[in-house]
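Take a look at the structure below.
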Amino acid sequence: MISFITSIIVLIAGYFIYGKFVEKVFVIDKNRETPAIKLKDGVDYMPLPTWRIFLIQFLNIAGLGPIFGAIAGAMFGPSAFLWIVLGTIFAGAVHDYFSGMLSVRDDGLSISEIVGVYLGPKLKHVMRIFTVVLLIFVGTVFLVGPGKIIDGMTGNAWGVWLWVVIILCYYILSTLLPIDKLISKIYPLFGFAMLFMAIGLGVVLFFGDYQIPELVPSNLVNMKTNPDESPMFPILFVTIACGAISGFHATQSPLMARCIKNETLGRKVFYGAMITEGIVALIWAAAAMVFFENVEGLNIAMAEHGNNAAWAANEISLNMLGSIGGVLALLGIVAAPITSGDTAFRSARLILADIFKFNQKPIKNRLYLSMPLFVIAFTLTQVDFAIIWRYFAWSNQTLAMVVLWTITAYLIKENKSYWLTLIPALFMTMVCSTYILIAPEGFQLAHTIAYGGGAVITVAIFILFMRYTKK
């Protein structure tokens, strides 16, 4: 319990100490006109109250990741706590803050366009395709995932596909309508469910008779049932993404960059939302470890149920919070992916609009860009969910890596403390390159070869990057 409490305290302190330092490095301008004021169009560019912006940003980024990812990551033991805390403060929150504030400075541009500004037009074109594909993956994952959860909650009365269609209809509306018509209205309700879920589990962990594993050297090892098949590095750092660092967040930050009223609010909205998500991930990781009595019990239970994190989340909620609290918590689990899925499609629409310079004020223009996205996503629902999730996991962290290199290029250009993102950029490059060499969906090379290959790729990217930035 000491390690768990300390982890939460460190995360909160990270917001006030390191978050302030990051803000100082960026150098905010409280007198600078933001895109919400400068380009107000009543659809996507629109000043909103800070509390709404924070809540929307938090719900956008807090999909299934800090729940399902944290549960799966807990199978590695208390090492998950360490990654969540350090990853959130020094990588994830920095990544989210700069991706959001660079969008604020560049008239609310999407992340692919920002990559082009600092890393050149060639990579911009690659990232345009990459981010749209990633967002379609996200929309598909968060279409099927909540559909299965709701179907289970209703005793399979109507079937998964009816719920998928209902959720898809909501996604269409939330993608097409102005941001203040649906998203900013319904998010407070979803926010309550999410916060109740996290607070409820946190209270139970604090006051219940649970022994949360401590962060001691003997526990900082690979505690999975088959460590040879799932080495802690790099699997843990891809499994827990949204609770530590996630490239998907960089696609969401421009949404709120178009609504923020003053640059002074950036730390609260972008850095603060990521810290909050880190706390949620900590709570779920701890709950998973103690509900199944220990990490070994969690590994056994997950193996028996096909490593189904949705099943584990359902069991934890209903048993630790009781029937009423469990139902409310499950609503939070449903709200989390839905409030990421809707803005995933909205972000994809905005990226396409940026690419084709397509005015989004007429609703017919929004419809032209959006409908192909929904058709593709619905078609992908026929593909095995596990396969989509695997490729989403790697592509998600690869996007985070690219965004970190982009921010580093910006900091070098502005003669600022570029080590701030260079270090996490190097780390995430090693994670992503090693993962694709070692993972089941990758090349499945031997561990030592994969680690060596990952190191070579990381060094090569670093050399190419430094040469590029010197031009």
Side-chain angles (χ1 to χ4, degrees), residues 59-60 62-72 136-175 182 186-187 189-194 196-198 200-201 242 280 284 287-288 291-292 301-345 373-393:
L59 291 172
N60 284 352
L64 291 170
I67 301 172
F68 289 8
I71 291 173
I136 292 174
F137 277 161
V138 172
T140 304
V141 167
F142 293 160
L143 184 61
V144 179
K148 289 182 176 180
I149 294 172
I150 299 174
D151 185 52
M153 291 171 60
T154 56
N156 310 110
W158 291 358
V160 173
W161 291 108
L162 177 61
W163 291 112
V164 168
V165 170
I166 292 173
I167 295 169
L168 181 62
C169 290
Y170 164 73
Y171 283 175
I172 292 173
L173 290 174
S174 62
T175 301
L182 184 59
I186 201 170
Y187 269 47
L189 176 62
F190 284 156
F192 170 77
M194 276 287 291
F196 179 90
M197 169 192 65
L201 282 175
C242 291
V280 171
W284 274 100
F291 176 73
F292 297 98
M302 289 288 281
E304 291 176 349
H305 290 83
N307 290 324
N308 188 342
W311 167 82
N314 180 67
E315 291 295 305
I316 292 168
S317 299
L318 291 176
N319 286 278
M320 292 184 69
L321 295 176
S323 57
I324 297 177
V327 169
L328 288 175
L330 284 172
L331 287 175
I333 296 174
V334 172
I338 288 178
T339 52
S340 290
D342 57 4
T343 50
F345 287 115
L373 300 173
F374 292 119
V375 171
I376 295 171
F378 190 77
T379 303
L380 285 175
T381 58
Q382 311 303 313
V383 180
D384 185 2
F385 179 86
I387 294 175
I388 296 175
W389 183 265
R390 285 176 189 172
Y391 286 101
F392 159 69

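Computed from a prediction, not measured in an experiment: that's the story for all the values here. Atom set for the values below is all heavy atoms of this structure, side chains included, hydrogens, waters and symmetry mates excluded.
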- Message: Would you compute the distance between atom CG of D342 and atom CG of L168 and round it to the nearest 0.5 angstrom?
- Response: 12.0 Å
- Note on the structure: Closest heavy-atom pair, F291 versus M320, reported as atoms and distance to 0.1 Å, is CD1-CG, 3.8 Å
- Between V280 and A198 the two heavy atoms that sit nearest each other are CG2-CB, 4.1 Å
- Message: I need the minimum non-hydrogen distance between I71 and A312, along with the two atoms involved.
- Response: CG2-CB, 3.8 Å
- Query: Quick check, are the ring centers of Y171 and F374 under 6.0 angstrom apart?
  - Reply: no
- Message: Looking at every heavy atom in both A287 and I316, which two are closest together, and how far apart are they?
- Response: CB-CG2, 4.0 Å
- Query: CD1/I167 to CG/L162 distance, rounded to the nearest 0.5 angstrom?
  - Reply: 10.0 Å
- Message: Within this structure, what is the CG-CG distance for the pair L173 and L182, rounded to the nearest 0.5 Å?
- Response: 6.5 Å
- Message: Working to the nearest 0.5 angstrom, can you tell me the gap between L59 CG and I338 CD1?
- Response: 11.5 Å
- Query: Can you name the nearest heavy-atom pair linking A157 to D151, along with the distance?
  - Reply: N-OD1, 4.2 Å
- Message: Return the CH2 to OG distance between W284 and S317, rounded to the nearest 0.5 Å.
- Response: 3.5 Å
- Query: Does a sphere of radius 6.0 Å around CH2 in W161 hold more than 12 heavy atoms from other residues, nucleotides or ligands, not counting ones at 6.0 Å or beyond?
  - Reply: yes
- Item | Residues in ring-ring contact (aromatic ring centres under 6.0 Å, His included) contact with F292, at least two apart in sequence or another chain | W311
- Message: Working to the nearest 0.5 angstrom, can you tell me the gap between F378 CZ and T140 OG1?
- Response: 10.5 Å
- Message: For a quick test of reading the model, state the closest non-hydrogen atom pair linking G139 to A344 and the distance between them.
- Response: N-CB, 4.2 Å
- Task: Please examine the side chains of F137 and L380, heavy atoms only from C-beta on, and report whether any two atoms are closer than 4.5 Å.
- Result: yes
